[in-house]
Amino acid sequence: MSEQISTQPSWPFREAERVAARLKQKGKTEALFETGYGPSGLPHIGTFGEVARTSWVRKAFTDLTGLPSRLLAFSDDMDGLRKVPDNVPNKEMLKHHLGKPLTKVPDPFGKFDSFGEHNNNMLQDFLNEFGFEFEFASSSDYYASGRFDNALLHVLAHHDAIVEIIRPSLGPERRASYSPILPIHPRTGIVMQVPIDQVDVEHGTVFWTDPDTNTKFETAVTGGAAKLQWKADWAMRWHALDVDYEMSGKDLIDSVKLSSAIVRALGTEPPVCLTYELFLDDKGQKISKSKGNGLSVEQWLTYAPKESLGQFMYHAPQRAKRLFFDVIPRATDDYIAAVAALPTAEKPHENPAWHIHGGELPEHAGSPIGFAMLLNLASVINADSPEMLWGFIRAYIPGANAETYPFLARLVHHAIIYNRDFVAPKKQFRAPGDVERGALLDLAESLKANEMVQYPGATPAEQLQNLVYAIGKRHPFAPLKSWFDCLYQVLLGQVEGPRFGGFIALYGIERTIALVETALARGVEAA
RNA sequence: GAGCCUGUAGCUCAGUGGUAGAGCAUUCGACUUUUAAUCGAAUGGCCGUGGGUUCGACCCCCACCGGGCUCACCA
C-alpha cells in the first residue's frame, strides 16, 4: 500500500478538482461558473448560499490551477410571469400581463422599465452588498441579441430527440403537447405553451396554432421570438456558453438529469454539477420564498455578522440543515473559532475562514470573546446599550474598545439585539412580596437621595454595592441571599444575576430607579 | 412511484480507516460581604441493528429498522 498522506481536501477543493479535470479533458484554459435565478424574483438566503458556495469553488479552482475563470449570474428574466406575487404593489396591473416575459411586464414598483429589470437590479445590488465577484447575464438580452441563435437552431435540429428525452417524465396530458420550443405570441406577447405542429429546421422556424383563436403561426426560434422550456433552456445555455460548473438544490435533481441528457444530445458534455441539500425551517420544511418560512438574509444579518452566514453556508452543503434563529449563535462561534485557528492551521484549505475570506484574513478579524458568552452576558446584565457590555468586557480585557476590537464591537451590537428579541421577552418577572416591596421602595428612595455617598468604597460600584447590601440588612430577609434573589427575579426577570452594585453603576442610577418603579407597578397589577 | 439526506453523550451536533469529541445541561470546586460572568474538574456513549471488506471501521460496501425531506405534465 502506498503512503497516502491524502490531505483530504475540503469540498470546494474537491469540486475544483472536478472542474479542473473537465477543463483538461476539453482542452479549455478558462472555466465558466454559473449560478441561475428563477423568475420569481427577489434574492433570498438560498441565493446567497449558492453564490457564496460557487465563489468558494471558483477560488479553490484558481488556487489549484492558476487558470482564469468567470462567474456568470444568469437571470431567467425571459420566463413568463406565471402568477402575481403576493409581496408587490399594483397587483391588478400585473394581472393583465400574466404569461408575458418578465422583461415585458411593467415594473409594479415603477422604478424600472420592466419587472424583470427590477428583479435583476435587486439581485445585483444584493450580490454586490456581499462583495461577490460576478458578471450579470440577462436571458432576455441573450435571446434578443442573437447570442443563443446558433444553439437554438441546434436545438431545433434535435427537436425530436429532446422531446423523447423529456416525454417519459411527463404526465399523459402534457406528454401529448410537449415541445421544448415556446413561441412568443406575436400579438399578445405571451410565452405560449402549445403543441408544435411542425418544425422547419432549414428556416429555423416552428409552426403552431393559437388554441384560443385557432390561428396558425410560423415563428422563428431565433432572435428572441421564441424561448425554450425550462429544462431544455438550461441545457441549451450549458451548450451555448460551455458552462463548466453549476450547483443546484436537491429539488432540481430530476432537472439536472434531464438537462444533462439533453445537452449530451446536443453534443456537449454537461457541466460539473453539485447538488446541495435544502434549507429547512424550524419544523423541517423546505424554505420557500412564497411561504416566508425559515429565515431571511436580513434577519440573519440583524442578529450576527455576515461572516457567520458564510460559516453556515460553508459547512457540509450536501447535508440538510435547519436554518432558523437558534443556529445563529453557533455559526458565529464556529466562525470565530475558525478565524482563531487559521493562522496556525496545518491545512488552511480545510478551514472555513480561509474560504470565507478568500484565503486571507482581514485585519482585526476574530474576537477574543465568543458570541454565546456575549449573549449570556447581555442577558445577565440586561444590556441594552453597547457601553454596558463594554463595561463588563473591560473587566476581562482591560482597555478593550470598538477601535481595538472592531469585530467584537459588531458582536456586541448584535448581541444586544439578539438578547432584546429572543432572550429578554422570555424572562419571567415575578411580583415582589410585602417585605420585598418595602425593601425595593427603600432602594429607590435611597438611590434618589444619593445615599450611596455615605457608604465606603473606592468606586461608585462599590458604594452602590454596600448600599444595596445595607438595605437588605435593614429589612427582614431570612437569609440575606433572598434579597439578592428578589433583585434578580423581580427586577431582571432571571433566577440569578450580576453583582448588583456594579450593575447599577453600569445601568445608571436613574434607570435603575425606573426599573424598580416599573417592577413595583407590575406587582400592583398582579395583586 | 422515483430520488436525496439522516440515526454519535440527557439536548444540539462535530468527527470520511488508526486510543470516541465540542457546546449546552448536570455535579463538584475556585473567585465573591449575596451573586453572576469567568476559570478548573467530574459525570455521562455496545457511534440504530445485522453482515461484509480490512492488521484495524463511527467512517467504506450490502441488507434491514427508524426519522425526515424533495420531485412527479412550474421553473
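A note on names: the letters A, B, ... follow the listed sequences, proteins ahead of strands, and every chain is numbered from 1. Bear in mind that the values here come from a model prediction, so they are computed numbers and not experimental data.
- Whole-Å rounding puts the A:Trp390 CH2 to B:rA37 P distance at 21 Å.
- Between the C1' atoms of B:rC64 and B:rU70, the separation comes to 24 Å (whole Å).
- A donor-acceptor contact under 3.5 Å is formed by the side chain of A:Gln465 with the base of B:rU34.
- With rounding to whole Å, A:Leu389 atom CG is found 13 Å from B:rU38 atom P.
- The nearest whole Å value for the distance from the NE2 atom in A:His315 to the P atom in B:rU16 is 9 Å.
- Rounded to a whole angstrom, the distance from the C1' atom of B:rA41 to that of B:rG56 is 33 Å.
- Pairing partner, B:rA22: B:rU12, with both Watson-Crick or wobble hydrogen-bond distances short of 3.5 Å.
- The listed nucleotides are B:rA37, B:rC69, B:rA75; the one nearest the side chain of A:Leu280 is B:rC69.
- Ion pair A:Arg420/A:Asp384 not flagged as a salt bridge, since none of the NZ, NE, NH1 or NH2 atoms sits closer than 4.0 Å to an Asp/Glu carboxylate oxygen.
- Of the candidates B:rU38, B:rC71, B:rU34, the closest approach to any side-chain atom of A:Phe484 belongs to B:rU34.
- The side chain of A:Asp254 lies closest to B:rC71, out of B:rA75, B:rC71, B:rA14.
- At a cut-off of 3.5 angstrom, counting only N and O atoms as typed in the model, there is a donor on one side and an acceptor on the other between the side-chain of A:Lys250 and the base of B:rC69.
- With distances taken from any side-chain atom of A:Gln193 to the nucleotides B:rA75, B:rC4, B:rC69, the minimum falls on B:rA75.
- Contact annotation for A:Ile381: no contact, since no heavy-atom pair falls under 4.0 Å across all strands.
- A:Asp326 places its CG atom 12 Å from the C1' atom of B:rC13, with the value rounded to the nearest Å.
- One finds no salt bridge joining A:Asp326 and A:Arg330 here, because no Lys/Arg side-chain nitrogen approaches an Asp/Glu carboxylate oxygen to under 4.0 Å.
- Comment: A:Asp79 engages A:Lys227 in a salt bridge, judged by a side-chain N to carboxylate O separation of less than 4.0 angstrom.
- Contact annotation: A:Gln318 does not reach the phosphate of B:rC69 (side-chain N/O to OP1 or OP2, under 4.0 Å).
- Rounded to the nearest Å, the gap between the C1' atom of B:rA25 and that of B:rA9 is 11 Å.
- Nucleotides B:rG52 and B:rC73 have their C1' atoms positioned 44 Å apart, rounded to a whole Å.
- A:Arg322 contributes no side-chain N or O that forms a donor-acceptor pair with the base of B:rU12 under 3.5 Å.
- No side-chain donor from either of A:Asp77 and A:Thr103 sits under 3.5 Å from a side-chain acceptor of the other.
- Atoms CZ (A:Phe371) and C1' (B:rC24) sit 16 Å apart, rounded to a whole Å.
- When heavy atoms are screened at a 4.0 angstrom cut-off, A:Phe392 is found touching no nucleic acid atom at all.
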Report the C-alpha distance between A:Phe422 and A:Tyr303 in whole Å, list the side-chain angles of each, state the deciding distance to 0.1 Å, and finish with yes or no for ring-ring contact (aromatic ring centres under 6.0 Å, His included).
CA-CA 10 Å; A:Phe422 293 113; A:Tyr303 300 114; 4.9 Å; yes
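- One C1' atom belongs to B:rG10, the other to B:rG50, and the distance between them is 28 Å to the nearest Å.
- Separation of the P atoms belonging to B:rC58 and B:rC46 is 14 Å when rounded to the nearest angstrom.
- Take A:Gln465 and apply the side chain to side chain donor-acceptor pair (under 3.5 Å) test, not counting sequence neighbours, and it matches no residue.
- The side chain of A:Arg330 approaches B:rA14 more closely than any other nucleotide in the set B:rA14, B:rA75, B:rC5.
- Of the candidates B:rA37, B:rA75, B:rC5, B:rC5 carries the atom nearest the A:Ala320 side chain, counting heavy atoms from C-beta on.
- Out of B:rA14, B:rC4, B:rA75, the shortest distance to the side chain of A:Arg82 is found at B:rA75.
- Counting to the nearest Å, the P atom of B:rA14 and the NZ atom of A:Lys321 are 8 Å from each other.
- Comparing the P positions of B:rU54 and B:rA20 gives an interatomic distance of 22 Å, to the nearest angstrom.
- Pairing partner, B:rA41: B:rU27, with both Watson-Crick or wobble hydrogen-bond distances short of 3.5 Å.
- Under the Watson-Crick or G-U wobble criterion, with both distances below 3.5 Å, B:rC60 is paired with B:rG52.
- When rounded to the nearest whole Å, the span between CZ of A:Arg167 and P of B:rC73 equals 17 Å.
- B:rG1 and B:rC71 make up a base pair, with Watson-Crick or G-U wobble contacts both under 3.5 Å.
- Regarding contacts with the backbone of B:rG15, a side-chain N or O of A:Arg319 is found under 4.0 angstrom from either OP1 or OP2.
- Separating the P atom of B:rU8 from that of B:rA14 is a span of 11 Å, rounded to the nearest Å.
- The residues A:Asp76 and A:Arg237 are annotated as salt-bridged, a charged nitrogen and a carboxylate oxygen being separated by less than 4.0 angstrom.
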